[in-house]
Amino acid sequence: MKRSIILIGTLAVLVGCRPGEPTPAAQKAPDSVPPSAAIAPLPASPSPLNQFVDTEYRYADAGGHTALIQNSLPKGGSSIEPGGQVGYTDPSGVHYGVGVFWSRIVNTSDRPLTLALEFPGDSIPLPTAPDTYVRLTLPGDTMSVDKLTDFNYGIEGLREHLDNTFGKPTKLQRTIAPGGEALFYTAMLVHRPLDGSIRNGIRVAAGGELTYQVKLGTLHTATVPAGKIAIQ
């Protein structure tokens, strides 16, 4: 594993947006089973989160029960906490840039939805960028609407979380009632970032299988299995 020191200017370009300055959401078509016309899903209520959304799409299971999935634009590019050290250095001395995101899953069906999300502890290579790799983690802090305009979406305790979980899988399990939602942080460490923007997010395939897609710049992507959702 190579070591590098990431300049603040490089990561600021990589993140591709400044805190408090979101860009409009980009809609993506679902890659799941189309819903049944016989079942009317519950609508997702308008949310102030929407202006910070990067990707949004609707999942439908084989019975036509639906859920809305949203993934945010990134924040980061400097320190984990205001005035702190730039980026993150792991226990072996390797330095990373850090990006903070959130995802939102809204249960628009009339049945409970179970979410079981898991990120691997290992590093994730980018096949088209052999000197660059990323690590994903699920911080334990609670995301809420009132933190949207805060530094790094208001996440707290991230450095301690990384110290305690580095190299280990992280998990999130929720049961979402009909009409309810789960809103949670995700974070990514980047070793040797590339020029261009970060775009990350959860996707759901037919059958409820979850993947998490990482995109650096316009050419470099990686997709990892990330768990499952099921509408009961």
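Values below: all heavy atoms of this structure, side chains included; hydrogens, waters and symmetry mates excluded.
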A.B. asks: I need the minimum non-hydrogen distance between R111 and S109, along with the two atoms involved.
C.D. replies: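 Answer, listing the atom of R111 first, then S109: O-OG, 3.0 Å.
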A.B. asks: Looking only at heavy atoms, what is the nearest atom pair of D163 and Y88, with distance?
C.D. replies: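 So the minimum-distance heavy-atom pair works out to OD1-OH, 2.8 Å.
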A.B. asks: What distance do K215 atom NZ and R199 atom CZ have between them, rounded to the nearest 0.5 Å?
C.D. replies: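 One gets 9.0 Å once the value is rounded to the nearest 0.5 Å.
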A.B. asks: Under a 3.5 Å threshold, yes or no: a donor from one side chain and an acceptor from the other, between T186 and Y212?
C.D. replies: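 Short answer, yes.
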A.B. asks: Determine yes or no for a side-chain-to-main-chain donor-acceptor pair under 3.5 angstrom, with H65 supplying the side chain and L113 the backbone.
C.D. replies: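 Here the side-chain-to-backbone pair does not exist.
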A.B. asks: Got a sec: does the CD of E209 have more than 12 other heavy atoms crowding it under 6.0 Å?
C.D. replies: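 Correct, the count exceeds 12.
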A.B. asks: For H161 and T137, does a side-chain donor sit closer than 3.5 Å to a side-chain acceptor?
C.D. replies: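 Yes, side-chain donor-acceptor contact under 3.5 Å.
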A.B. asks: Within a strict 4.5 Å, meaning less than it, do heavy atoms of the R174 and L183 side chains meet?
C.D. replies: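 No, their side chains stay 4.5 Å or more apart.
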A.B. asks: Within the 4.5 Å heavy-atom criterion, are T221 and V214 side-chain neighbours or not?
C.D. replies: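 T221 does not reach V214 side chain to side chain.
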A.B. asks: Distance from T55 atom OG1 to N71 atom CG, nearest 0.5 Å?
C.D. replies: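 If we round to the nearest 0.5 Å, T55:OG1 and N71:CG are 3.5 Å apart.
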A.B. asks: Within the distance-only criterion (no hydrogens, no angle test), does the side chain of N152 pair as donor or acceptor with the backbone N or O of V100 below 3.5 angstrom?
C.D. replies: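 No.
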A.B. asks: Would you name the heavy atoms of T170 and L138 that are closest together and state the gap between them?
C.D. replies: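 Heavy atoms of T170 and L138 come nearest at OG1-N, 3.0 Å.
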A.B. asks: Can you see which heavy atom on Y57 is nearest to which on I202, and at what distance?
C.D. replies: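 What the structure gives for the nearest pair is OH-O, 2.5 Å.
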A.B. asks: With rounding to the nearest 0.5 Å, note down the distance linking CG in L148 to CZ in F52.
C.D. replies: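 Atom-to-atom, L148:CG and F52:CZ are 4.5 Å apart.
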A.B. asks: What orientation do W102 and Y153 show, parallel under 30°, tilted 30 to 60°, or perpendicular over 60°?
C.D. replies: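 Geometry flag for Y153 against W102: perpendicular rings.
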A.B. asks: Kindly indicate whether the side chain of I198, heavy atoms from C-beta on, has any atom under 4.5 Å from the side chain of M188.
C.D. replies: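 Counting from C-beta outward, I198 and M188 do come under 4.5 Å.
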A.B. asks: Please tell me whether T108 and T66 have a donor and an acceptor in their side chains that are separated by less than 3.5 angstrom.
C.D. replies: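 Distance-only check passes for T108 and T66.
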A.B. asks: Any side-chain heavy atom of R203 sitting closer than 4.5 Å to one from I69?
C.D. replies: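 No. Closest side-chain heavy atoms not under 4.5 Å.
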A.B. asks: Can you tell me how far CG of L115 sits from CD1 of I105, rounded to the nearest 0.5 angstrom?
C.D. replies: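 Separation between the atoms: 4.5 Å.
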A.B. asks: Please test F101 against D54 for side-chain contact (heavy atoms from CB on, under 4.5 Å), starting from the C-alpha separation and ending with a verdict.
C.D. replies: CA-CA 10 Å; F101 304 78; D54 177 43; over 6 Å; no
A.B. asks: Provide the closest heavy-atom pair for L158 versus A187 in the form atom of the first, atom of the second, distance.
C.D. replies: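 That would be CD1-CB, 4.3 Å.
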A.B. asks: Check D141 with K147, please: is the shortest side-chain N to carboxylate O separation under 4.0 Å?
C.D. replies: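 Salt bridge present between K147 and D141.
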A.B. asks: Rounded to the nearest 0.5 Å, what's the gap from CZ on R135 to OG1 on T165? Could you check?
C.D. replies: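 The distance works out to 10.5 Å.
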A.B. asks: Of all heavy-atom pairs between A222 and L126, which one has the smallest distance, and what is that distance?
C.D. replies: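 For A222 versus L126, the nearest heavy atoms are CB-CD2, 3.6 Å.
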A.B. asks: Heavy-atom distance under 4.5 Å between the side chains of K228 and T114, does that happen here?
C.D. replies: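 No, side chains not in contact.
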A.B. asks: If you round to the nearest 0.5 Å, how far is NE2 of H191 from CG of D90?
C.D. replies: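 NE2 of H191 is found 9.0 Å from CG of D90.
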